[in-house]
Amino acid sequence: YIVAPSGSCVAMVRHHYSPFFDDNNARAATVRERTMELSEFLVNVLNVTSLAGQFAHKVGIHQSCHGLRELRLAPSSETRTAHPDLLKSVLATLDGISFSTLQRPDECCGFGGTFAVAEEAVSCMMGEDRIQDHLQAGTDVLTAGDMSCLMHLDGLIRRQKKPIRVMHIAEILAEASQSESV
């Protein structure tokens with residue numbers, strides 16, 4: 001397996017690399033099939049149902065657009081179909097964790113790669129809107145399965161000195177596992 005800390009990278013490999021390879025290229029097909037986002041790998045391949053560790057924080061989950069709309073890692077409001085929230089199911093196994101309830105749980109953060117450069121003001125306003133939703137929900141730690149979203153939101157949070165810590169799901173799992181060994 002190829003496990004990536006970014007839903008957008010996994011979506012690119014799975015859904016947008018085909019034009020670069022011959023349809024009969026078995027190696028390319030294998031790479032597409034075996035490339036997975038971290039929470040997807042933990043739940044769907046390793047069948048993780050519980051993890052040892054403690055993370056006594058109120059966590060707000062940012063669902064990245066690629067994770068929702070291309071990988072179906074959680075339910076999205078526009079499809080109204082039942083998809084398990086893989087990231088939350090992994091984190092929910094940690095002792096002491098609680099989750100923020102957002103008003104708009106699947107809204108875009110505004111990063112979108114080149115969009116953030118071409119439409120900087122709009123991108124920042126979208127990110128600030130995401131952060132405000134987390135603030136009103138009482139989020140202590142904002143997490144996601146996509147580093148690009150987290151870097152964008154973290155930059156806005158730091159510049160505005162907002163009281164939210166930003167961590168990738170892998171960082172939360174690493175910190176929680178260290179609490180077990182202490």
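Values reported hereafter were calculated over all heavy atoms of this structure, with side chains retained and with hydrogens, waters and symmetry mates removed.
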**OP:** Inspect the surroundings of CZ in Arg27 and state if more than 12 heavy atoms from other residues, nucleotides or ligands are less than 6.0 Å away.
**Re:** no
**OP:** Examine the side chains of Glu37 and Ser39 and answer whether a donor and an acceptor come within less than 3.5 Å of each other.
**Re:** yes
Original post:
Given Arg14 and Glu33, is the side chain to side chain contact (heavy atoms under 4.5 Å, CB included) satisfied, shown in steps?
Top reply: CA-CA 7 Å; Arg14 276 209 213 143; Glu33 292 165 10; over 6 Å; no
Subject >> Inter-residue atom distance Thr143.OG1 - Phe55.CZ, 0.5 Å rounding >> reply: 8.0 Å
Original post:
If two hydrophobic side chains count as joined below 4.5 Å and joins carry through other members, does Leu156 share a cluster with Ile164?
Top reply: yes
Subject >> Backbone of His57 reached by a side-chain donor or acceptor of Asp140 within 3.5 Å >> reply: no
**OP:** Calculate, to the nearest 0.5 Å, the distance between atoms CD1 and CZ belonging to Ile157 and Arg130 respectively.
**Re:** 11.0 Å
**OP:** Working to the nearest 0.5 Å, report the span between OH of Tyr17 and CG of Asn25.
**Re:** 13.5 Å
**OP:** State, without any angle test, whether Gln63 and Asp146 hold a side-chain donor-acceptor pair at a distance under 3.5 Å.
**Re:** no
Subject >> Path from Val48 to Leu91 over hydrophobic side-chain contacts below 4.5 Å >> reply: yes
Original post:
Is it the case that Lys88 places NZ or CZ above or below the six-membered ring of Phe99, under 6.0 angstrom from the centre and within 45 degrees of the axis?
Top reply: yes
Original post:
Do Val45 and Met36 come close enough that some side-chain heavy atom pair is under 4.5 Å?
Top reply: yes
Original post:
Would Val166 and Leu38 show up in the same hydrophobic cluster when neighbours are defined by side-chain heavy atoms closer than 4.5 Å?
Top reply: no
Subject >> Test log, rule side chain to side chain contact (heavy atoms under 4.5 Å, CB included), inputs Val59 and Ser100 >> reply: CA-CA 6 Å; Val59 175; Ser100 302; over 6 Å; no
Original post:
Does atom CD of Glu120 have more than 12 heavy-atom neighbours from other groups under 6.0 Å away?
Top reply: no
Original post:
Do Val43 and Ser89 come within less than 4.5 Å of each other through their side chains, counting heavy atoms only?
Top reply: yes
Subject >> Backbone N/O of Ile172 and side chain of Glu175: donor-acceptor pair under 3.5 Å >> reply: no
Original post:
For the atom pair CG (Leu173) and CE (Met167), what is the distance rounded to the nearest 0.5 Å?
Top reply: 9.0 Å
Original post:
Rounded to the nearest 0.5 Å, how far does OG1 of Thr139 lie from CD1 of Ile61?
Top reply: 9.5 Å
Original post:
With the threshold set at 4.0 Å, does a side-chain nitrogen-carboxylate oxygen contact exist between Glu128 and Lys162?
Top reply: no
**OP:** State whether Glu40 and Arg34 are salt-bridged, where the test is any N-O pair (Lys NZ or Arg NE/NH1/NH2 against Asp/Glu carboxylate O) under 4.0 Å.
**Re:** no
**OP:** State yes or no: do Leu86 and Val10 share one hydrophobic cluster built from I, L, V, M, F, W and Y residues joined by side-chain heavy-atom distances below 4.5 Å, directly or via other members?
**Re:** yes
Original post:
Where the side chain of Thr35 meets the backbone of Arg32, is there a donor-acceptor pair that is under 3.5 Å apart?
Top reply: no
Original post:
In terms of side-chain heavy atoms, does Thr93 have a donor or acceptor partner in Ser50 at a distance below 3.5 Å?
Top reply: no
**OP:** Considering non-hydrogen atoms only, spot the tightest contact between Thr101 and Ala137 and give its length.
**Re:** O-CB, 3.4 Å
Original post:
If you look at every heavy atom in Pro5 and His168, which pair is closest and at what distance?
Top reply: O-NE2, 2.8 Å
Original post:
What distance separates Glu107 CD from His62 NE2, expressed to the nearest 0.5 Å?
Top reply: 9.5 Å
Original post:
Do Leu102 and Leu87 share a hydrophobic cluster, counting only Ile, Leu, Val, Met, Phe, Trp and Tyr and linking them when any side-chain heavy atoms are less than 4.5 Å apart?
Top reply: no
